[in-house]
Amino acid sequence: MGVKINELVKEVKKVVTFENLLNKKIAIDAFNTLYQFLAIIRQRDGTPLKDFEGNITSHLSGLFYRTINFLENDIKPIYVYDGKPSSLKLDIIKERKDRKVEAKVKMEEAKKKGDIVGVRKFAQATSRLDSNMIKESMDLLDYMGIPVVQAPSEGEAQIAYMVNQGDVWASASQDYDTLLFGAKKLLRNFAINRTRKVGDTSVSLDIEWILLPKLLEKLDITQEQLIEMGILIGTDFFEGVEGIGQKTAFDLITKYKSIKKINENSLKVRGKIIDLDIEVIEKVKNIFLNPSVEKNYQSLKWKKPNFDKIEEFLIGKHNFSEGRVKNALDRLKKKESESMQTSLDRFFK
DNA sequence: CTCCAGTA
DNA sequence: TACTGGAGG
């Protein structure tokens, strides 16, 4: 899910185009992206794409085509995978699991009723990434020559570290959590710009660019206060306070400066006094302020794609259409010969 | 989500 | 050439 601070971020977000990102190294939250593909790449009846053996392939389709678009546009993606979740996250993980089971039941019900919209909606909510899907997505990226970084715990924390080290230019995720982890730059809707229809009108989803220092300046709060706001609203590591959304959290932090002070003032929200366990709060804050990250990750290198392996994997193993895959790979090959040409040109100058 | 063939 | 809707696996 991630912390909901979209309203607060609104005023500092900028729109960027693919051209603005030329030759930039962008770290992508792999789980976040794969889940998105899994939820969205489905048929009208809610069934995900599958190969002949019944293995789900929606995530591979999304990953493959989108990554090729990045390469074709001279963007250098790095995929960062989550590792072992913090013990504080386990409650949330269990809750999500329960919700998925619930969604499956609701999907069956909708199916019986012939409610097509409902079936699709609940089917999306059942999306699960298993270890084999994760492994295969890494294999595909490896064949494509894209660097992959395994985070010891939170991928978002790892990305924040890499951004702030200057090893990558920005973090790409739909969640705002990298901001809580302190990443200076965040990109949202990071994909080729496309119009998407909502109802009967089409809306274009721009790539959003958010600078953490700008956000803190605009809100006139510190990084620590941003984290405390996140805790009040709710993050993956703490459920938040019922009745407190982004607006209230911002007002409270602005007025009282800290959760500790908010506690001391016995403030009421929805008739209940806010009384948070400071010890727990400190633990959550510590996850954001001192996260477990891998500092000696492999140097980020983009290798030549192994075209044969990709074809064998997608066409041979997972029943992707030969025409589409070869077409996409041809775009890559063309890109390769172009860049070879420019480096030759440079050499002869 | 992204691709691609059909349409204006 | 730009756009749209249905299919992809």
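Since the model is a prediction, treat every value here as computed from it, not as a measurement. Order of the sequence lines sets the chain letters (A, B, ...), proteins ahead of strands, with each chain counted from 1.
- Checked by atom type, the side-chain pair A:Ser137/A:Tyr81 shows a donor-acceptor distance below 3.5 Å.
- Counting only heavy atoms from C-beta outward, the side chains of A:Leu22 and A:Asn20 never approach each other to under 4.5 Å.
- Listed by residue number, A:Arg44, A:Pro48, A:Leu49, A:Lys50 are the residues of residues 44-55 of chain A with a heavy-atom contact under 4.0 Å to DNA chain C.
- Between A:Leu38 atom CG and C:dG8 atom P the separation is 19 Å, expressed in whole Å.
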Quick one: side chains of residues 87-94 of chain A, donor-acceptor pairs under 3.5 Å with protein atoms, not counting sequence neighbours, listed by atom name and distance.
from, atom 1, to, atom 2, distance (Å)
A:Lys89, NZ, A:Glu154, OE1, 3.3
A:Lys89, NZ, A:Glu154, OE2, 3.1
A:Lys94, NZ, A:Asp98, OD2, 3.2

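- One can place CZ of A:Arg42 at 16 Å from C1' of B:dT2, the figure rounded to the nearest angstrom.
- Relative orientation of the A:Trp169 and A:Trp209 rings is parallel, given thresholds of 30° and 60° on the angle between their planes.
- With 3.5 Å as the limit, one finds no donor-acceptor pair spanning the side chains of A:Thr57 and A:Asp51.
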Between side-chain atoms of residues 302-314 of chain A and protein atoms elsewhere (two or more places apart, or another chain), which donor-acceptor pairs fall under 3.5 Å?
from, atom 1, to, atom 2, distance (Å)
A:Trp302, NE1, A:Pro77, O, 2.8
A:Asn306, OD1, A:Asp308, N, 3.4
A:Asn306, OD1, A:Lys309, N, 3.1

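- Using a cut-off of 4.0 Å between Lys/Arg side-chain N and Asp/Glu carboxylate O, A:Lys135 and A:Asp139 are scored as salt-bridged.
- Residues from residues 58-77 of chain A that place a heavy atom under 4.0 Å from any atom of DNA chain B, listed by number: A:Tyr65, A:Arg66, A:Asn69.
- The hydrophobic clustering, which links ILVMFWY residues whose side-chain heavy atoms are closer than 4.5 Å, places A:Tyr161 and A:Phe237 apart.
- When the options A:Leu21, A:Thr33, A:Asp29 are evaluated for a side-chain contact (heavy atoms from CB on, under 4.5 Å) with A:Phe190, the one that passes is A:Leu21.
- A:Gln43 comes within 4.0 angstrom of a nucleotide base, judged by non-hydrogen atoms across all strands.
- The stretch residues 313-330 of chain A touches DNA chain C through A:His318, A:Asn319, A:Phe320, A:Ser321, A:Arg324, each having a heavy atom within less than 4.0 Å of the strand.
- With sequence neighbours excluded, the residues that form a salt bridge (Lys or Arg N to Asp or Glu O under 4.0 Å) with A:Glu208 are A:Lys13, A:Arg188.
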